[in-house]
Amino acid sequence: MKSEKELEEIFEKKLNNNEFIEPKDWMPEKYRQHLIRQISQHAHSEVVGMLPEGNWITRAPSLRAKLVLLAKVQDEGGHGLYLYSAAETLGISRDEMLDALHSGKAKYSSIFNYPTLTWADIGAIGWLVDGAAIMNQVMLQRTSYGPYSRAMIRICKEESFHQRQGYEIMMRLALGTPEQKQMAQDALNRWWYPTLMMFGPPDSESPHSADAIKWRIKRETNDQLRQKFVNQTVPQAEFIGLKVPDPNLKWNEEKKGYDFTPPDWEEFKRVISGNGPCNKERLAARIKAHEEGKWVREAAAAYAQKHKKEVLVS
Amino acid sequence: MNTNKDNQGTLWEVFLQKKSGQPFIHAGSIHAFDKEMALQNARDTYTRRGEATVVWVVPSNCIVSSTPEDIGSFFDPANDKIYRHPTFYHIPDAIKNM
């Protein structure tokens, strides 16, 4: 038997060699708990993220738009399942994770607590919210925990259509009538700062960042990813004649990136702690869906049980 | 909220074969109550973009795995047998097709 110290050295060595940690490998308890928290909340975000968009499925402006939105929302559900499975390899059950979500103990991305008021919001979500998520997820493809990394690779492959369809919606509106362009601009105005919040608090105030970097769960910090996102997104807005709602936005040649106004971190704290515009509605919808599915799970379990007996008898 | 433990089905591992002739590759896992549901859930979760022509599902508890702690002793019998590799043998350059 190896001592805890020896096991820890093996673990550190693997991280330093850019090797992956797999479910059966020894890992520090704090690493395990960090991953459970991060992966389960990532899964919850995928699942809750279906709600703001689901709101527009029945009101999509064309059959094509409806098909695309259905496919996208179905993907989000699938992504939630990949991630729940990855978290389960760490020894937590799906039940425990769902309980933590429904009781409010586990968080999900604050972005999904904002309402989708117009069709342009569906464009803004695909373009900005999925764009920000991709930036984070591309980095996480190289995360140190094998099952999480594999889920991210799969998700990234599927996610790029999400961002492109969103940009297409924005582009069509921005190049349409003045009213349509105004609708697109209004959506950008409302989603810009909440999207910047998605990368998490500034590095100086991020409670989990140091551990995540040390363990190579994350490879870039919140602020680095946020800067990358702004640099990438501003030209995309300019191309379709929309204006990023930040009077201080300015190219900084020295750092080869934009200077920009940070989001209102007080608002972030309010929303993440349960007091955003839609927190109660989102959680209520999740709990309702879960409870209304209960009889299906019970029937499926009973059917499987009955079927098992029949096979044994024959 | 449920106080009883809610039944989410059991865990199954999913393997996909993209085309005939290719090996089956592990894709991930799903929850299901029986074989039929396991196949359907695997299809819906892992093959939304033509990733497979055949799907295998296996109850996770039927998988037997070696353990990382045994990596040394378990694979040791093969580690020192470099003569199993073709590059161990010296063949003159003049010899072709070998």
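Chain identifiers are assigned alphabetically (A, B, ...) following the order of the sequence lines, protein sequences preceding nucleic acid strands; residue numbering begins at 1 within each chain.
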Report which part of B:I71 has an atom under 4.5 Å of a heavy atom belonging to chain A: side chain, backbone, both, or neither.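 Neither; nothing under 4.5 Å.
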Relative to chain A, which segment of B:A27 carries a heavy atom at a distance below 4.5 Å: side chain, backbone, both, or neither?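 When you check distances to chain A, atoms from both the backbone and side chain of B:A27 fall under 4.5 Å.
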A:S85 side chain to B:S29 backbone, donor-acceptor under 3.5 Å: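 Yes; at least one donor-acceptor contact below 3.5 Å.
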[X] atom [atom1]: more than 12 heavy-atom contacts under 6.0 Å:
X: A:E29; atom1: CD; value: yes
X: B:F74; atom1: CZ; value: no
X: A:K288; atom1: NZ; value: no
X: B:Q40; atom1: CD; value: yes

Please rank A:H79, A:Q74, A:K157, A:R150 by heavy-atom pairs under 4.5 Å with chain B and give me the top one.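 Highest number of heavy-atom pairs under 4.5 Å: A:Q74.
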Taking every non-hydrogen pair under 4.5 Å, which of A:E158, A:E298, A:K2 racks up the most with chain B?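 It is A:E158.
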May I ask you to test the A:E22-B:P68 pair for a side-chain heavy-atom distance under 4.5 Å?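 In short, these two side chains do not touch, never coming nearer than 4.5 Å.
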List in chain and number order the residues that pass side chain to side chain contact (heavy atoms under 4.5 Å, CB included) with A:A300, two or more places apart in sequence or in another chain; answer none if no residue qualifies.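 Here the qualifying residues are B:F33, B:M37.
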In plain terms, say whether A:D75 and B:R49 are close enough for a salt bridge, that is, a side-chain N and a carboxylate O under 4.0 Å apart.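 Looking at B:R49 together with A:D75, the answer is yes, because their closest N to O distance falls below 4.0 Å.
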Straight-line distance of [X] [atom1] to [Y] [atom2], nearest 0.5 Å:
X: B:Q8; Y: A:E88; atom1: CD; atom2: CD; answer: 8.5 Å
X: A:R297; Y: B:H31; atom1: CZ; atom2: NE2; answer: 12.0 Å
X: A:Q305; Y: B:D34; atom1: CD; atom2: CG; answer: 11.0 Å

Which atom of B:R48 lies closest to which atom of A:G78, heavy atoms considered: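 Closest approach of B:R48 to A:G78, heavy atoms only: NH1-CA, 3.9 Å.
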Quick check on A:Y303 against chain B: is it the side chain, the backbone, both or neither that has a heavy atom closer than 4.5 Å?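 Just its side chain gets close to chain B.
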